[in-house]
Amino acid sequence: MAVTARPIRGPRSSRSARARARGGAAVALLLIGSAVAYSAWILEYFLDTGLSYSHAFVSELSARDQPYRWLFGGADAVAGVLATAAAAVMLALRPPRDHWATTGWLGLAVFGISTAADVLLFPLDCAVSQSTECRVAEDAGRVSLGHQIHTGTSALAGTGLCTAAVTLSVAVRGKRRLSPLTGPVGRWLVGGLIVATVATLVLVPFAYGHGVPQRAQVGLATCWLVAAGLAVRRATAR
């Protein structure tokens, strides 16, 4: 009877596998932690923020004139920092020439940096949907430079996350161990994220109703971050 010998791992290979497993576990925790922090906006349903769920941007919760700005702004900052850290670790662990994965993790880094910058460097001066005076000041260009830049960093965050969701799904296509990203749930999350993002952009010029698809976008982004964390853990587990 023929016996097939299993390949024996050398000390260096074993150390590399252990390091990769530890790195994967760390990334999973970072991504899930980012998702938890990024879902803090749900608290608006339990707090008297005075903002409309339908017509206000989520980022208005952390505007300078809002009572809970430190809660919502702090949570977004944590989410951005954790996502950026996860991307940095994965870029260090990525296989050479894996261009799709590299693009995906760079996209996540853009999302993380932009999300943190939104609240730490370029917060809104005021909630435009709540204050007529704020809306008039914005139209007249009498708001701060940070308020004006905020729109750009928010757009970068959304673009970075959509890029990460699409390219990482392509990178792990056909790999069953990464089912949280490649299975039906992963595909629905990516598709829903793109649809919600496009719907938000379409409604923005009308200044009406954009809060609904944007909240769906943020909710789907949270779920995708969790799925990505679970996928990384599966892929790097020994």
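The first residue in the sequence is number 1, and the count goes up from there. Quick note: numbers below take in every heavy atom, side chains included, and nothing from hydrogens, waters or symmetry partners.
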Does atom [atom1] of [X] have more than 12 heavy-atom neighbours, drawn from other residues, nucleotides or ligands, at distances under 6.0 Å?
| X | atom1 | result |
| --- | --- | --- |
| Asp139 | CG | yes |
| Phe206 | CZ | no |
| Tyr53 | OH | yes |

>> Please verify the inter-ring angle class for Phe111 with Tyr38; under 30° counts as parallel, over 60° as perpendicular, anything in between as tilted.
In response: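 Rings of Phe111 and Tyr38: perpendicular, over 60°.
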Rounded at 0.5 Å granularity, tell me how far [atom1] in [X] sits from [atom2] in [Y].
| X | Y | atom1 | atom2 | value |
| --- | --- | --- | --- | --- |
| Leu61 | Leu71 | CG | CG | 9.0 Å |
| Leu51 | Phe72 | CG | CZ | 9.0 Å |
| His210 | Leu203 | NE2 | CG | 8.5 Å |
| Ser62 | Leu124 | OG | CG | 6.5 Å |
| Ser52 | Glu60 | OG | CD | 9.0 Å |
| Ile149 | Asp118 | CD1 | CG | 11.0 Å |

>> For a quick check under 3.5 Å, do Asp76 and Thr115 share a side-chain donor-acceptor pair by atom type?
In response: no
> Do Gln66 and Gln130 get their side chains close enough for a donor-acceptor pair, meaning under 3.5 Å?
Replying inline: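 Their side chains do contain a donor-acceptor pair, which is all the 3.5 Å distance test asks for.
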Under 3.5 Å, is there a donor-acceptor pair between the side chain of [X] and the main chain of [Y]?
| X | Y | answer |
| --- | --- | --- |
| Ser131 | Val128 | no |
| Ser114 | Val110 | yes |
| Arg69 | Ala63 | no |
| Thr153 | Ala117 | no |

>> Would His99 and Thr103 count as a side-chain hydrogen bond (donor to acceptor under 3.5 Å, both in side chains) here? Give the steps.
In response: CA-CA 6 Å; His99 301 306; Thr103 301; over 6 Å; no
[X]: which other cluster members, linking ILVMFWY side chains closer than 4.5 Å, directly or transitively?
| X | value |
| --- | --- |
| Phe57 | Val204 |
| Trp100 | Val170 |
| Val136 | none |

> Can you list the residues that meet the salt bridge (charged side-chain N to carboxylate O under 4.0 Å, His left out) rule with Arg215, with sequence neighbours excluded?
Replying inline: Glu44
Do you know the tightest heavy-atom contact between [X] and [Y]?
| X | Y | answer |
| --- | --- | --- |
| Ala196 | Pro213 | CB-O, 3.6 Å |
| Val89 | Gly23 | CG1-O, 4.1 Å |
| Thr167 | Gly104 | OG1-CA, 2.9 Å |
| Ala164 | Gly107 | CB-C, 4.1 Å |
| His147 | Glu138 | NE2-OE2, 2.8 Å |
| Leu108 | Ala83 | CD2-O, 3.7 Å |

>> Leu31 vs Val226, test: side chain to side chain contact (heavy atoms under 4.5 Å, CB included). Steps then yes/no.
In response: CA-CA 6 Å; Leu31 288 173; Val226 172; over 6 Å; no
>> Taking side-chain contact (heavy atoms from CB on, under 4.5 Å) as the definition, give me every residue that meets it alongside Leu82, ordered by chain and number, with sequence neighbours left out.
In response: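 Partners of Leu82 under the side-chain contact (heavy atoms from CB on, under 4.5 Å) test: Leu30, Ser34, Val78.
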> Please walk me through it: do His150 and Phe122 pass ring-ring contact (aromatic ring centres under 6.0 Å, His included)?
Replying inline: CA-CA 5 Å; His150 182 91; Phe122 312 116; 8.5 Å; no
> For Cys126, which residues count as a disulfide (SG to SG under 2.5 Å) partner, sequence neighbours excluded?
Replying inline: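 Listed in chain order: Cys134.
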>> Within the structure provided, determine whether Asp125 and Asp65 are in side-chain contact (heavy-atom separation under 4.5 Å).
In response: no
>> I'd like to know whether Trp224 forms a side chain to side chain contact (heavy atoms under 4.5 Å, CB included) with Leu168, so could you lay out the CA-CA distance, the side-chain angles of the two residues, the decisive distance to 0.1 Å, and finally the verdict.
In response: CA-CA 11 Å; Trp224 183 85; Leu168 288 177; 3.8 Å; yes
